[in-house]
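To keep things clear, I will list the structure first and then write my remarks on it.
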2 protein chains.
Amino acid sequence: MSAPALTKNQALVFDVLEKADGPLSAYTILDKLRDHGFRAPLQVYRALEKLLEYGVVHRLESINSFVACAHPGENCHSHGIVAFAICESCSQVMEFHDHEVDHRLMDWTKSKKFKAEKTTIEIRGLCEACAA
Amino acid sequence: MSAPALTKNQALVFDVLEKADGPLSAYTILDKLRDHGFRAPLQVYRALEKLLEYGVVHRLESINSFVACAHPGENCHSHGIVAFAICESCSQVMEFHDHEVDHRLMDWTKSKKFKAEKTTIEIRGLCEACAA
DNA sequence: ATCGCACACGTTATAGCATAACGCAATTGA
DNA sequence: TCAATTGCGTTATGCTATAACGTGTGCGAT
């Protein structure tokens, strides 16, 4: 599950995401990689699929975008549920983990015998700077 | 913020969602309402926008779909954060609330001075019946 | 060695989700 | 009466995501 060496396309996509200062849509990534030979959305989506699997990139469901994981080097999957705060003004994303939240959600799923595969926690709003 | 009388289109859309036994996409709703004169996506999206505002319908960000609120009559906005467990096999949705989770997330946002507007919690996986 | 398999890749086409922009009609309240 | 608001209908368009096909490459098993 930890990340093997990235292929060329995967490395290109990851690089774009790491250098970006906020989440990017797949099509934005595509545009940024046209100079590197990217022509079609699938090239981006296929790379993203792997990067998500390796845990080095996260998908933000509520805005259909992707961000590099905030913990370079580590495998984010081992941190429990990942939560995001997304500023709707400047689009900065803060990533955090809260074990108590994980615990409460796991309690609930256990009590319902629900087998959780993937959990999304996203808070949209305004960051401190933008709320001023 | 509590729901005023629904317009014709809003009532039609709400009715479809209430009678469905799972979440529906906007285009599925559209198809179900063609016999009632619906022709275009916007008719659905505009109704949904209001129903979401009134708190009688929820949007599931991770599957681009909509469900009627599980608390008929009440205004769901007053229950704190709404969380969903979505079965990826039978697509049943369970809606629940956990004040401790709300509390932890609010603590975090306060500590970061982040002004939360809308929070999404969605757990995808398998319900008890489908996990068997 | 070569066969079969898994995987990454490229391309074209298509499916699925969402909104912009225009105009019309009904309601309301100054 | 006039202006503002809200809902509605239509056309067109844009954004997001995947299906289906084929190619090439590496690699282990027979």
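Chain A is the first sequence line, chain B the second, and so forth, proteins listed ahead of strands; every chain is numbered from 1. Model, not experiment: these values are computed from the prediction.
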Between residues 8-27 of chain B and DNA chain D, which residues have a heavy-atom gap below 4.0 Å? B/Lys8, B/Asn9
Heavy atoms from C-beta onward define the side chain here; which of C/dG10, C/dA21, C/dT12 lies closest to that of A/Arg46?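 Side chain of A/Arg46 sits closest to C/dG10.
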Only pairs under 3.5 Å count here: list side-chain donor-acceptor contacts from residues 61-68 of chain A, not counting sequence neighbours, and write none if there are none.
unit_1  : atom_1 : unit_2   : atom_2 : d
A/Glu61 : OE1    : A/Arg59  : NE     : 3.2
A/Glu61 : OE2    : B/Arg124 : NH2    : 3.2
A/Ser62 : OG     : A/Glu122 : OE1    : 2.4
A/Ser65 : OG     : A/Ile63  : O      : 2.9

In whole Å, what is the span from the [atom1] atom of [X] to the [atom2] atom of [N]?
X	N	atom1	atom2	answer
A/Leu42	C/dA8	CG	P	14 Å
A/Leu51	C/dC7	CG	P	16 Å
A/Leu48	C/dC9	CG	C1'	15 Å
A/Glu61	C/dA18	CD	P	12 Å

If you look only at distance, which donor and acceptor atoms sit under 3.5 Å apart when one is on a side chain in residues 110-117 of chain B and the other is two or more places apart or in another chain?
unit_1   : atom_1 : unit_2   : atom_2 : d
B/Ser111 : OG     : B/Trp108 : O      : 2.8
B/Lys115 : NZ     : B/Glu117 : OE2    : 3.1

Pairs satisfying salt bridge (Lys or Arg N to Asp or Glu O under 4.0 Å), at least one member in residues 10-19 of chain A, at least two apart: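 Counting only pairs at least two positions apart or across chains, the salt bridge (Lys or Arg N to Asp or Glu O under 4.0 Å) contacts touching residues 10-19 of chain A are A/Asp15-A/Lys19.
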Could you name each residue pair satisfying salt bridge (Lys or Arg N to Asp or Glu O under 4.0 Å) that touches residues 24-41 of chain B, not counting sequence neighbours?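 Salt bridge (Lys or Arg N to Asp or Glu O under 4.0 Å) check on residues 24-41 of chain B returns B/Asp31-B/Arg34.
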For residues 83-91 of chain A, dump all side-chain donor-acceptor pairs below 3.5 Å to protein atoms at least two apart in sequence or in another chain.
none

Indicate yes or no: does B/Glu49 engage B/Arg46 in a salt bridge with an N to O separation below 4.0 Å.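 So B/Glu49 does not pair with B/Arg46 through a salt bridge.
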First and last nucleotide of DNA chain D in contact with chain A, 5' to 3', at under 4.0 Å to a heavy atom: what are they?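 Footprint of chain A along DNA chain D, 5' to 3': D/dT16 to D/dA20.
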Give the residues of residues 31-39 of chain A touching DNA chain C, defined as any heavy atom closer than 4.0 Å, sorted by residue number.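 Within residues 31-39 of chain A, the residues near DNA chain C are A/Arg39.
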Per nearest nucleotide of DNA chain D, the residue lying toward the 5' end, B/Pro41 or A/Arg59, is B/Pro41
Would you say B/Tyr45 places a side-chain N or O within less than 4.0 Å of OP1 or OP2 belonging to C/dA18? yes
Is the distance from OP1 or OP2 of C/dG10 to the nearest side-chain N or O of A/Gln43 less than 4.0 Å? yes
Under the side chain to side chain contact (heavy atoms under 4.5 Å, CB included) test, which residues partner B/His36, sequence neighbours left out? B/Leu12, B/Leu33
In chain order, what residues pass the side chain to side chain contact (heavy atoms under 4.5 Å, CB included) check against B/Arg104, with sequence neighbours excluded? A/Asp98, A/Glu100, A/Val101, B/Glu100
With sequence neighbours excluded, residues passing ring pair (Phe, Tyr, Trp, His ring centres under 6.0 Å) with B/His99: none
Do A/Tyr27 and A/Val44 have side chains that get closer than 4.5 Å, going by heavy atoms?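 A side-chain contact is absent here, since even the closest heavy-atom pair is not under 4.5 Å.
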Going by side-chain heavy atoms closer than 4.5 Å, which hydrophobic residues are tied to B/Met106, directly or by a chain of links?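 Members other than B/Met106 - counting any ILVMFWY side chain reachable under 4.5 Å - there are none.
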